[in-house]
Amino acid sequence: METELSPLEKTVIDNIRRIRQEKGISQTRLSIFSGTSASYIGLMETYKNVPKLSTIERIAEALDVPVLKLFCEPNNSIPITSESSRNMNKKQKIREHVKSEILNRLSSDLDDILQIL
């Protein structure tokens with residue numbers, strides 16, 4: 001079962017492929033200079049592998065570009081943000097707030113019970 005890539009993951013992979021091709025670097029050469037295998041680069045460029053941050057750093061170094069450039073839309077210096085990432089942050093904040101409220105309420109109820117005992 002394949003997992004769907006986020007827009008940010010697709011952007012990073014698309015940028016790696018685009019920059020590699022613009023610089024005339026083969027997948028094999030990129031793999032050698034980034035410490036991966038050529039098959040890994042090929043699978044990544046067809047969205048079958050999602051590179052870890054450490055791999056993205058090595059690929060950026062091999063392509064001689066700043067890491068941040070791989071996270072930006074072409075011709076834009078501002079990194080994109082994934083809608084799912086924003087939604088996840090919102091859900092996480094709500095969860096933390098609810099958790100805090102529940103813990104406060106339980107603590108208060110526990111204090112009441114201990115006073116009765």
Side-chain angles (χ1 to χ4, degrees):
M1 183 171 126
E2 288 186 32
T3 59
E4 190 165 327
L5 273 62
S6 74
L8 183 58
E9 290 169 326
K10 285 182 180 179
T11 296
V12 169
I13 291 168
D14 290 345
N15 283 334
I16 290 170
R17 181 187 323 100
R18 180 182 51 77
I19 293 167
R20 178 186 65 74
Q21 290 172 341
E22 286 174 356
K23 293 188 173 215
I25 299 171
S26 69
Q27 289 181 347
T28 302
R29 185 171 177 195
L30 179 60
S31 71
I32 292 167
F33 286 104
S34 64
T36 63
S37 68
S39 62
Y40 180 89
I41 300 294
L43 289 170
M44 178 192 64
E45 288 188 0
T46 56
Y47 307 118
K48 292 180 178 73
N49 278 343
V50 177
K52 296 191 301 185
L53 288 175
S54 58
T55 305
I56 293 170
E57 288 175 324
R58 292 194 319 268
I59 289 172
E61 187 176 327
L63 292 172
D64 194 31
V65 296
V67 174
L68 189 58
K69 185 170 183 157
L70 298 179
F71 290 87
C72 299
E73 290 290 348
N75 303 319
N76 189 351
S77 61
I78 301 171
I80 68 159
T81 57
S82 164
E83 185 65 34
S84 60
S85 175
R86 285 193 295 265
N87 288 340
M88 191 66 121
N89 289 337
K90 186 176 181 180
K91 287 179 184 178
Q92 187 174 2
K93 287 178 183 178
I94 292 170
R95 182 178 183 190
E96 290 300 318
H97 177 73
V98 170
K99 182 179 173 182
S100 175
E101 290 295 318
I102 290 170
L103 289 175
N104 287 339
R105 182 69 185 256
L106 285 174
S107 177
S108 176
D109 289 348
L110 182 59
D111 288 342
D112 292 343
I113 291 169
L114 290 174
Q115 284 180 356
I116 294 170
L117 295 174

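Quick note: residue numbers are just sequence positions, from 1.
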What pairs of residues pass the side chain to side chain donor-acceptor pair (under 3.5 Å) test when at least one of them lies in residues 21-33, not counting sequence neighbours?
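Listed once each, the pairs are Arg18-Glu22, Gln27-Glu45.
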Side chain to side chain donor-acceptor pair (under 3.5 Å) involving Thr36 - partner list, sequence neighbours excluded:
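Partners of Thr36 by the side chain to side chain donor-acceptor pair (under 3.5 Å) criterion, ordered by chain and then number, come out as Ser34.
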With Asp14, which residues qualify under side chain to side chain donor-acceptor pair (under 3.5 Å), at least two apart?
Arg17, Tyr47
Rounded to the nearest 0.5 Å, how far does NZ of Lys69 lie from CG of Leu63?
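Taking CG in Leu63 and NZ in Lys69, the distance rounds to 10.0 Å.
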How long is the straight-line distance from CG of Asn49 back to CD of Glu9, given to the nearest 0.5 Å?
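Glu9 CD to Asn49 CG: 11.5 Å, rounded to 0.5 Å.
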Tell me which pairs pass salt bridge (Lys or Arg N to Asp or Glu O under 4.0 Å) where either residue lies in residues 54-65, with sequence neighbours left out.
none
Determine whether Pro51 and Ile13 make a side-chain contact, defined as any pair of heavy atoms from C-beta on separated by less than 4.5 Å.
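Pro51 reaches Ile13 side chain to side chain.
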One pair to check against side chain to side chain contact (heavy atoms under 4.5 Å, CB included): Phe33 and Ile25. What are the steps and the verdict?
CA-CA 10 Å; Phe33 286 104; Ile25 299 171; over 6 Å; no
On a heavy-atom basis, which atom in Asn15 and which in Cys72 lie closest, and how many Å separate them?
ND2-O, 2.6 Å
Cluster question for you: counting only ILVMFWY and a side-chain heavy-atom cut-off of under 4.5 Å, with indirect links fine, are Leu43 and Leu53 together?
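No; tracing contacts between hydrophobic side chains, which count when under 4.5 Å, never links both residues.
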For Met44 and Ile59: C-alpha separation, side-chain torsions, deciding distance, then whether side chain to side chain contact (heavy atoms under 4.5 Å, CB included) applies.
CA-CA 12 Å; Met44 178 192 64; Ile59 289 172; 4.1 Å; yes
Please determine whether side chain to side chain contact (heavy atoms under 4.5 Å, CB included) holds for the pair Ile41 and Ile16, giving the CA-CA distance in whole Å, both sets of side-chain angles, and the decisive distance to 0.1 Å.
CA-CA 9 Å; Ile41 300 294; Ile16 290 170; 5.8 Å; no
